[in-house]
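Note that ligands are numbered from 1 as they come in the structure, with each ligand's atoms numbered from 1 the same way. Excluded from the calculations below are hydrogen atoms, water molecules and symmetry mates; all remaining heavy atoms, backbone and side chain alike, are included. Keep in mind the model is a prediction, meaning the values are calculated, not measured.
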Amino acid sequence: MTIEQAETDVLVVGAGIAGLSAALSADRAGADVTLVTKAERPEDASTWWAQGGIAVARDDPATFREDIVAASDDTAEATAVEVLVEDANDAVQDVLVDTLDVAFDTNGAGYDYGQEAAHDEARILHVNAETGKHVHVPFLNHIADETDVRLVEDTAALELLGHEGRVYGAVLERDGEWAPTFAGATVLATGGIGALYPRSTNPESATGDGVAMAALAGADTADMEYVQFHPTAYDPAPPERSAGDTGDEGTFLVSEAVRGEGALLRNADGERFMPDYHEDAELAPRDVVARAVREERETTGVVTLDVSSLAFAEAFPDLAAKCDSHGVDWTEGIPIAPAQHFLCGGVAVDDHGRASLDRLYAVGECSRTGVHGANRLASTSLLEGLVWGRRAGRDAAGRSPERVEAPELLDRDPDLPPAFAGEKFHRLRRVMDEQVGIERTPQGLARAQSVLRRLKGEVDAYIRTRTSRSLYELRAASVVALLVARAAAENDQSAGCHHLVEA
Ligand SMILES: Cc1cc2nc3c(=O)[nH]c(=O)nc-3n(C[C@H](O)[C@H](O)[C@H](O)COP(=O)(O)OP(=O)(O)OC[C@H]3O[C@@H](n4cnc5c(N)ncnc54)[C@H](O)[C@@H]3O)c2cc1C
């Protein structure tokens, strides 16, 4: 299918929960909406992979608020938290229950609310431990079949059309061809940055495109140093594997809900260690558990999640099946290690997802709303995407597209060495893992910036003469990696996911 120059009132880039929510609400507000995603299948969005579920306020918003702020190391922004908590019940009821008919698990007394680390009460709606796909697939189907939104798959936004502080749409690429789409408002919903790290729970396509496009167009970013690592991702590799190796196809997340049900972390000597690190032991905030797991792995060799005290196969049938398919005998404990999981920062936005450039919005994981501060509370990310998507979509509607001069992109170059992106990504991931990971030192961050600056320079030199999606993804990754390393170097206070240690 060829790509042509087009116009739309609202251009949404990315079809995870945040982009879908923005598209739905702009459509409801009467806008002509185009939703593009570079994904070819639902699994190419983190939303599909979400396990634990989506938190709601139930009838105790005050405690929900307190839990979010406590998990963030007291750095979450009060006004943003208020928005999330105030909108939570209504957004979930309106979109997920009334519109999409998501059948959240119930028990005899109503919804079977789950409880996860750092939540003071059971407030998480879920479908088994694979909530994401039960939300994402019906949402995609609803947008495609029940709304006027134009959903265009396998189509990547490469660059924003920016002029004098305003955004007019984006250059889109499909099948190696590209053309501008002019929009009255542009909503970025491109998800996370897992591709910047050798071990991540995110899909491979999480290259940080939206953050990079916004930053290159001149929009503000914030809190980029706060990269969250999930403490319990299945570790398919021997622990002695060198940092910087890529290719973690075998890894998968073992949800916090498993620890919520009583699973325990043990080191290579079989000792339970979390009570030595935090009074909440296995249910301590993610950053605390991730650092403890890392330390125990380093000192004793292996860390396993002991699920022997729970009816694992009955409570988490999909996880048990995943273990089986990876040849893991979970009755002996599941070998785990931390993996990059979530970016708390991103494109700086207000309570309606408005970025610092006119007519540009960002929602979901690529945005920085202030809700997470330095560390995200489990199961609040789907909610943030849903809530901010709804608000941004409504706000973005009502403007007509205008045309501006589109940048000249250069011809596709068939001579791009196939290994070019692979080699650069390898270097980038290695330095992010070694210097900009769970623990950081000022010296390491300085070194990382100099490596990343050089790498970005090499990629920029290629971009000046060639156009291809993989090259733009690599550029996005190099821009975002530098933003993360720079933000980390500029912040001399350890908080949440940003943890400084002595060299
Ligand atoms: C394994 C796992 C488990 C999780 N469990 C939970 C949980 O239980 N509860 C919870 O709240 N959160 C959970 N999270 C986090 C949560 O899933 C994500 O933060 C959230 O889904 C992000 O939604 P999003 O819409 O912002 O991005 P995504 O769902 O990642 O969607 C991004 C979309 O943007 C598209 N895209 C990217 N770049 C471009 C481009 N240049 N052009 C066009 N399209 C582009 C992608 O193809 C994709 O469609 C989990 C995450 C993972 C990975």
In plain terms, say whether [X] and [Y] are close enough for a salt bridge, that is, a side-chain N and a carboxylate O under 4.0 Å apart.
X: R469; Y: D154; value: yes
X: E365; Y: R376; value: no
X: R354; Y: D350; value: yes
X: D287; Y: R291; value: yes

- Query: More than 12 heavy atoms of other residues, nucleotides or ligands under 6.0 Å from CG of D148: is that the case?
  - Reply: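 No, CG of D148 has 12 or fewer neighbouring heavy atoms, counting only those of other groups under 6.0 Å.
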So which heavy atom in the protein is nearest [atom], and how far is it from that ligand atom?
atom: atom 47 (O) of ligand 1; answer: T37 OG1, 3.2 Å
atom: atom 43 (C) of ligand 1; answer: K38 N, 3.2 Å
atom: atom 35 (C) of ligand 1; answer: G14 CA, 3.6 Å
atom: atom 13 (C) of ligand 1; answer: A50 CB, 3.9 Å

Compare [options] and give the one whose heavy atom is closest to [atom].
atom: atom 10 (C) of ligand 1; options: L172, L382, L383, V13; result: L382
atom: atom 48 (C) of ligand 1; options: A362, A476, A45; result: A45
atom: atom 2 (C) of ligand 1; options: R469, Q51, H341, E473; result: H341
atom: atom 28 (P) of ligand 1; options: A55, S46, A378, G19; result: S46

Tell me, please: is [X] in heavy-atom contact with ligand 1, that is, under 4.0 Å?
X: G132; result: no
X: G385; result: no
X: I17; result: yes
X: E384; result: no
X: T155; result: yes
X: S205; result: no

Should the proximity of [X] to ligand 1, defined as any heavy atom under 4.0 Å, be assigned to the side chain, the backbone, both, or neither?
X: A189; result: backbone
X: T380; result: backbone
X: W48; result: neither

Atoms in ligand 1 with a heavy atom of [X] nearer than 4.0 Å:
X: G364; value: 26 (O)
X: A39; value: 47 (O)
X: D209; value: 38 (N), 39 (C), 40 (C), 41 (N)
X: R376; value: 10 (C), 11 (O), 12 (N), 15 (C)
X: L253; value: 1 (C), 2 (C), 3 (C)
X: F342; value: 19 (O)
X: A18; value: 25 (O), 26 (O)
X: G191; value: 26 (O), 27 (O), 30 (O), 32 (C)

- Message: Testing the basics here: between G389 and S21, what is the closest heavy-atom pair and its distance to 0.1 Å?
- Response: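 It is C-OG, 3.4 Å.
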- Item | From Q340 atom CD to M432 atom CE, the distance as rounded to the nearest 0.5 Å |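 The CE atom of M432 is 9.0 Å from CD of Q340, to the nearest 0.5 Å.
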- Task: Among D60, D67, T63, find the residue that satisfies the side-chain hydrogen bond (donor to acceptor under 3.5 Å, both in side chains) test when tested with R123.
- Result: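 Filter result, single survivor: D67.
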- Task: Answer yes if the ring centres of H326 and Y234 are under 6.0 angstrom apart, and no otherwise.
- Result: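 Yes, they do, as the ring centres are separated by less than 6.0 Å.
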- Would you indicate whether the side-chain heavy atoms of V289 and E282 approach each other to under 4.5 Å?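 When only atoms from C-beta onward are counted, V289 and E282 do not touch, as no gap falls below 4.5 Å.
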- Taking the side chain as C-beta and beyond, is there a heavy-atom pair between V479 and K456 under 4.5 Å?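 V479 reaches K456 side chain to side chain.
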